[in-house]
Amino acid sequence: MTTQIQLAAVRTARRQLSRFASRNNNSRWRSSPLLCHHAADVTNSICRSSSANRQWSTTQYQVSFMSTEAAKSEDSTGEEMDFQAETRQLLDIVTNSLYTDKEVFLRELVSNASDALEKLRHIQATGTITGSSDQESIPLEIRITTDEAANTLTITDTGIGMTKEEMVSNLGTIARSGSKAFVHEMNLKAQGADPSDVDPFGEGIIGRFGVGFYSGFMVSDKVDVRSKSAGKVSDNETQITESNDGPVVWESTGTGKYSISALPEDIRQDRGTSVVLHLKPELSQYSNESTIETILKKYSNFVGFPIYLNGNRVNTIDAIWLHDPKTVEEEKHSAFYKYVSHMHDEPLSTIHFRMDAPLDIKALFYIPSFHQEKYGMGRMEPGVSLYSRKILIEAKSPDILPDWCRFVKGVVDSEDLPLSISREKPQDTALVGKMRKALTRKLISHLSKMMKKEPEKYKDEFYKEYNFFLKEGICQDFESQQQLSKLLYFETSKGMAGELVSLDEYVSRCPPEQNDIYYLFAPSRELALQSPYMETFLKSKREVIFIYSAIDDFVMGNLKQFEGRNLLSADRSELGLNDDSADEDDKDSSDDSGAAKGLTSSEATDFCAWFQTTLASKVSKCKTTNRLSSSPAVITDNESGALRRMMRMVETSEGGTSSNSMPLPKQTVEINPKHEIIIGIHRLKEKDPMLAEVLAEQVVDNCLVAAGLLDDGRTMLPRLNDLMLCIVKNNVSEDSDEEDFKKE
């Protein structure tokens, strides 16, 4: 029963710890003692309500590595002390449940080392260090040593170090951030002189939550912390007085006990701190030099102090995104681009900027000279990583830019972005959304400038390579639709083959009375020009945009409007074209002077009724039109042929069959009453009804072919063979009759 009560207490404490930390990232609840006291109180209240007879939960525990009684009896002899049960449970949460990836421990420990160096650097820059002259001669750096034989990993810094009391304070309390406290104190002092200065000293400080150190227990059976303090810091934080206290060592297995004692004389420890991780046997890969180097370059490659791994400098690349964009040379951009993109080409374009709204952002984006999704190379991952104070927070973050921007490579660094306790994800999703919109607008603005100032580069290099991503953005990113639509280029009926115009250019060439934008889908330019749908536009001298791929058709369907003008497909029945020849055509069609003039109105009505009845399985409506000149009929208001083919391809790839999936709906057919084929079928429907029906069915299939809707042209073969046979028989019969006549 006791075990069940304790498990329930642990689960509730874990939920409360996570809830308070995530909900109150910048509030007073983030003060670690109060946060952890709250979690302990929840644990105690559950235990009291579940077992009134048990007295173990009545004590108000301090969330510290040492028990209260042990703290009272602490002395300088290095007495071993026990953890409290609740402290062990919270430590288990921090070390085993907080982080999703074990390798993050190295990022956290290196960040702690950097903070220790930054604190000392601040005092060196603003004050003095009294005592030994050797203090200032020691370089500020981080040294990491691997020992595969001993299965250990050591992270050493030459920073400010810790005294025994500071070890108890900083390492003996879960979620107490010494770095955060340092920045807070510096801000208070600065605000006393200048209240507008909110963070003058904390720019180089990384730590915030005070839990990063405990990530070392994820990979270690035991952790030793050896430290020698730089000295006592004065109250005004401007002077350090070197003390004669020797180095001390903190040791713990992270389970039941810990100890602080004087460091043995045979172990050297200069100013600063060394964290020695005795790795778990199953995680011995973290004692391998190449593994550690990979992790360092991934997370900590831009730390502001030198990092040496077994004597070799690791972080040799500068965080150029923090520099003034005007001062960064092309050579540095080239080297940094190759680092972040893992590619060997030169960037097509560079976007380096700073923003202060909705929060302070420093960003550096690159557009590669080619993308990696063509030639069947698979879908790319996002290319922009999120940093905070030069430390990697999330590699290839999907939250920084929309998915259509995945071709962009680079980094975004924000010191103000609220982070989760594990510093693996941003915390404020609303703020991240605002940042995402701002960065997207900046990228689109850059492309617009390239389009205007470098049109040849934009068309020939960028648009040729990346137009698919822009079109994908129109279909996915509805907030950016109109801005993205201005970046598109198309061929038109009035241009030459390969000549591209933007939608803005198309609109500028429209006559004043044209209120719509017309487009036509076809497999190629030649077929588009030969399409029956083009006949009315050629007569009215209207320009039509040609689109050749399914994504273009999908873009037009999603965009719907551009600058207040409707985007209309050429296969629409109502196009709003003022055809000057319409009245004359109607007059001719009503004239009974001969077959060449076409069907009369009554004949056309009769033919449409017969056509619709005879082909009731394919035709929903039949009517006359004056939009055609050389074609007998078209279908209008039909579904997109390109999208239909794409949907059928998706369905068949998922196991469907093409024979019974997506049946073709009935179509609206518009006939040309002046065309000889229509006139001939009208006469044949009385003389040879069977032949007339076959011909009418062929007319419908021809319309489906023109619209790109015929799923399989092979269905026409039997009918075409019958028609050819009929023609051959008639010609042979006529020739035979003529020969018989000559013989007579």
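All residue numbers in this chain count up from 1 along the given sequence.
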Take Ser448 and Gln483 through the side chain to side chain contact (heavy atoms under 4.5 Å, CB included) test and state the conclusion after the steps.
-> CA-CA 9 Å; Ser448 298; Gln483 295 93 327; over 6 Å; no
Which residues satisfy the side-chain contact (heavy atoms from CB on, under 4.5 Å) test with [X], sequence neighbours excluded?
{"X": "Asn558", "result": "Cys475, Phe478, Gln481, Phe554"}
{"X": "Asn566", "result": "Asp516, Gln561, Leu568"}
{"X": "Cys726", "result": "Leu691, Asn730"}
{"X": "Thr624", "result": "Ala604, Cys608, Ile671, Pro673"}

Original post:
Does the pair Ser569 and Asp571 meet the rule for a side chain to side chain donor-acceptor pair (under 3.5 Å), with working shown?
Top reply: CA-CA 5 Å; Ser569 175; Asp571 58 16; 2.8 Å; yes
If you round to the nearest 0.5 Å, how far is [atom2] of [Y] from [atom1] of [X]?
{"X": "Ser369", "Y": "His344", "atom1": "OG", "atom2": "NE2", "value": "12.0 Å"}
{"X": "Asn467", "Y": "Asp552", "atom1": "CG", "atom2": "CG", "value": "7.5 Å"}
{"X": "Leu386", "Y": "Ile393", "atom1": "CG", "atom2": "CD1", "value": "6.5 Å"}
{"X": "Lys685", "Y": "Leu695", "atom1": "NZ", "atom2": "CG", "value": "13.5 Å"}
{"X": "Gln476", "Y": "Leu484", "atom1": "CD", "atom2": "CG", "value": "11.0 Å"}

With Glu479 as partner, the option from Lys434, Lys437, Arg436, Arg441 fulfilling salt bridge (Lys or Arg N to Asp or Glu O under 4.0 Å) is Lys437
With side chain to side chain contact (heavy atoms under 4.5 Å, CB included) as the criterion, how do Ser630 and His675 come out once you've worked through the C-alpha distance, each side chain's angles and the decisive distance to 0.1 Å? CA-CA 7 Å; Ser630 59; His675 200 279; 5.7 Å; no
Please check: side-chain N/O of [X] versus main-chain N/O of [Y], any donor-acceptor pairing under 3.5 Å?
{"X": "Ser631", "Y": "Ala633", "value": "no"}
{"X": "Tyr466", "Y": "Ile367", "value": "no"}
{"X": "Asp688", "Y": "Leu684", "value": "no"}

Q: Let me see the working for Tyr518 and Phe537 under ring-ring contact (aromatic ring centres under 6.0 Å, His included), right down to the final yes or no.
A: CA-CA 9 Å; Tyr518 305 106; Phe537 295 101; 5.2 Å; yes
Distance-only criterion, 3.5 Å: show the donor-acceptor pairs between side-chain atoms of residues 449-462 and protein atoms not counting sequence neighbours.
from, atom 1, to, atom 2, distance (Å)
Lys457, NZ, Leu348, O, 2.9
Tyr458, OH, Leu487, O, 2.7
Lys459, NZ, Leu500, O, 3.4

Contacts of Tyr366 meeting ring pair (Phe, Tyr, Trp, His ring centres under 6.0 Å) (sequence neighbours excluded), chain-then-number -> His333, Tyr337
Residues at least two apart in sequence or cross-chain that pass ring pair (Phe, Tyr, Trp, His ring centres under 6.0 Å) with Phe370, listed by chain then number, are none
Indicate whether the side chain of [X] and that of [Y] have a donor and an acceptor atom separated by less than 3.5 Å.
{"X": "Thr668", "Y": "Asp637", "result": "no"}
{"X": "Thr636", "Y": "Glu670", "result": "yes"}
{"X": "Glu543", "Y": "Ser493", "result": "no"}

Any side-chain heavy atom of [X] sitting closer than 4.5 Å to one from [Y]?
{"X": "Lys486", "Y": "Leu503", "value": "no"}
{"X": "Asn672", "Y": "Asn626", "value": "no"}
{"X": "Ile547", "Y": "Leu520", "value": "no"}
{"X": "Phe365", "Y": "Phe353", "value": "yes"}

For [X], look at atom [atom1] and say whether over 12 heavy atoms of other residues, nucleotides or ligands are found less than 6.0 Å away.
{"X": "Lys374", "atom1": "NZ", "answer": "yes"}
{"X": "Glu676", "atom1": "CD", "answer": "no"}
{"X": "Lys621", "atom1": "NZ", "answer": "no"}

Hits for side chain to side chain donor-acceptor pair (under 3.5 Å) against Lys666, two or more places apart or cross-chain, chain-then-number order -> none
Hits for side chain to side chain donor-acceptor pair (under 3.5 Å) against Glu491, two or more places apart or cross-chain, chain-then-number order -> Arg525, Tyr548
Checklist entry - So, Phe562 versus Tyr506, ring centres under 6.0 angstrom or not? => result no
For the residue pair His371 and Phe469, is the inter-centroid distance of their aromatic rings smaller than 6.0 Å? yes
- Task: Could you give me the CA-CA distance, side-chain angles and deciding distance for Gln698 and Leu723, then say whether side chain to side chain contact (heavy atoms under 4.5 Å, CB included) is met?
- Result: CA-CA 10 Å; Gln698 187 61 47; Leu723 290 174; 4.3 Å; yes
So the salt bridge (charged side-chain N to carboxylate O under 4.0 Å, His left out) pairs with at least one residue in residues 340-349 (sequence neighbours excluded) are Lys338-Glu346
Which atom pairs, one a donor and one an acceptor, fall under 3.5 Å between side chains of residues 400-413 and the rest of the protein, sequence neighbours left out?
from, atom 1, to, atom 2, distance (Å)
Asp403, OD2, Arg379, NH2, 2.2
Asp403, OD2, Arg406, NH1, 3.4
Trp404, NE1, Asp477, OD2, 3.3
Arg406, NE, Glu373, OE2, 2.5
Arg406, NH1, Asp403, O, 3.0
Arg406, NH1, Glu472, OE1, 3.4
Arg406, NH1, Glu472, OE2, 2.8
Arg406, NH2, Glu373, OE1, 3.3
Arg406, NH2, Glu373, OE2, 3.3
Arg406, NH2, Glu472, OE1, 2.9
Asp413, OD1, Arg389, N, 3.1
Asp413, OD2, Trp321, NE1, 3.1
Asp413, OD2, Lys390, N, 3.0

- [ ] Given side chain to side chain contact (heavy atoms under 4.5 Å, CB included), test Ile474 with Leu488 step by step and report yes or no.
- [x] CA-CA 10 Å; Ile474 288 179; Leu488 300 181; 3.3 Å; yes
Quick note, ring pair (Phe, Tyr, Trp, His ring centres under 6.0 Å) partners involving residues 598-621, not counting sequence neighbours, are Phe607-Trp610, Phe607-Phe611
- Ion pair Glu697/Arg719, N-O distance below 4.0 Å: yes
- Message: Using salt bridge (charged side-chain N to carboxylate O under 4.0 Å, His left out), reason through Lys396 and Glu381 one step at a time and then give a plain yes or no.
- Response: CA-CA 7 Å; Lys396 301 179 179 178; Glu381 295 180 312; 3.0 Å; yes
Problem - Glu513/Arg542 under salt bridge (charged side-chain N to carboxylate O under 4.0 Å, His left out): CA gap, chis, key distance, verdict - result: CA-CA 11 Å; Glu513 66 274 11; Arg542 297 292 170 86; 3.8 Å; yes
